[in-house]
2 protein chains.
Amino acid sequence: MSASGSAAPAPLAVDAFSSGCPPRALLNTVGDKWVILVVNLLGDGGARFSEIQRAVGGVSRKMLVQTLRTLERDGLAVRTVYADAPPRVTYSLTPLGQTLLRPLQAVRTWCEDHVTEVSSAQAVYDARPEYTGSAATG
Amino acid sequence: MSASGSAAPAPLAVDAFSSGCPPRALLNTVGDKWVILVVNLLGDGGARFSEIQRAVGGVSRKMLVQTLRTLERDGLAVRTVYADAPPRVTYSLTPLGQTLLRPLQAVRTWCEDHVTEVSSAQAVYDARPEYTGSAATG
DNA sequence: CCGTATCCGCGAGGATACTG
DNA sequence: CAGTATCCTCGCGGATACGG
């Protein structure tokens, strides 16, 4: 409730998140796991909600709705509702969303292309002795 | 776990391209907000821990350590410790990390390039009436 | 200066039930 | 089929203190 008047020190939360040049919020949205997958999927053309859910696999309805809402709100995807029974809703990329498709495809491709190398590196790292006995000379 | 061929029910492994094929964990790592920022930063050359922390801005020591550990473990960055006082540690991209630089730069560039359009779209969406009164006549 | 360990709040996100 | 609302858990991530 409104504890008015108390000299709450207001711990100077000076919006430290926007300190850097690049848009953090957008970066966070664009880098989101489901966003990358869904945008890549929609790159092949429009798809129904259930189709997307099935294609992505492992995504809950809640998360998919949230992801698609974000994409729609950001002007990256359009939502089309058909007044038909049973209800049919399709999603597709906007021109703006298609400009994002290329970068995200590159990221997805990189992951598929280098997952083996990364796994190997992880195995090597995991096999390391945990005692920090080696210091770089020099 | 190597029960091959057994009549395990295995409710049809969702054959979609996203469920099992693409590396979700790697996608999640690569898409991480701090990872994108740090990799982009290291693309300009090696940097000290404190330099990275200052350059990124708003990242806690804990998160930065965690991010750099992940990059090191995945073979994307190398950590160099100088046995000097005061301690000096530098991080730089590996050749593998440099191959990731291009895609992540593209993502970062896209964000900077389209943040205005996205903000506009958000404003438009935010101004919408919340009652869904428009159904597509399809 | 670099890194670890501990505590803890908060919100992401799954499961479920219900509406249109 | 598509979407919402509710509950509840779990771990992300900040704050702090300490070690090397």
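Naming: A, B, ... by sequence-line order, numbering from 1 per chain.
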* Mind checking A:R48 for me? I need base, sugar-phosphate or nothing, with any heavy atom below 4.0 Å counting as a touch. => sugar-phosphate

* So, is B:S50 near the phosphate of C:dC2, with a side-chain N or O under 4.0 Å from OP1 or OP2? -> yes

* **Between C:dC2 (C1') and B:R54 (CZ): distance, integer Å** => 13 Å

* Integer-rounded Å distance: D:dT16 P and B:M63 CE -> 18 Å

* Which of these nucleotides, C:dG13, D:dC1, D:dG13, is closest to any side-chain atom of A:P86? -> D:dC1

* Is any side-chain heavy atom of A:L42 closer than 4.5 Å to a side-chain heavy atom of A:S92? -> no

* Thinking salt bridges, do A:E72 and A:R69 make one under a 4.0 Å N-O criterion? -> yes

* Can you figure out which of D:dA15, C:dC1, C:dG3 approaches the side chain of B:R69 most closely? => C:dG3

* Would you mind telling me which of C:dG14, C:dG20, D:dG13 lies closest to the side-chain atoms of A:P87? => C:dG20

* **Phosphate OP1/OP2 of C:dC1 contacted by B:R61 side-chain N/O (<4.0 Å)** => no

* How about B:N40 and B:V107: do any of their side-chain heavy atoms sit closer than 4.5 Å? -> no

* Asked: Between atom CG in B:L64 and atom P in C:dT4, what is the gap in whole Å?
  -> 12 Å

* Round to a whole Å and report the spacing from CD of B:Q66 to P of D:dC12. => 7 Å

* From the list C:dG14, C:dG3, D:dG3, which nucleotide is the closest neighbour of the side chain of B:V89? -> C:dG3

* Asked: Over how many whole Å does the gap from A:R73 atom CZ to D:dG3 atom C1' extend?
  -> 18 Å

* In whole angstroms, how far is the P atom of D:dG3 from the CD1 atom of A:I52? -> 9 Å

* Asked: So, is A:R79 close to the D:dG3 phosphate, meaning a side-chain N or O under 4.0 Å from OP1 or OP2?
  -> yes

* Applying the 4.5 Å side-chain criterion to the ILVMFWY set and letting contacts propagate, would B:I52 and B:V89 be lumped into a single cluster? -> yes

* In whole Å, what is the span from the CD atom of B:E72 to the P atom of C:dG3? -> 9 Å

* To do: Can you figure out which of D:dG3, C:dG13, D:dA15 approaches the side chain of B:K62 most closely?
  => D:dA15

* Joint cluster assignment, A:M63 & A:I36, ILVMFWY side-chain distance < 4.5 Å -> yes

* B:R24 has an atom CZ; how far is it from atom P of C:dG13, in whole Å? -> 13 Å

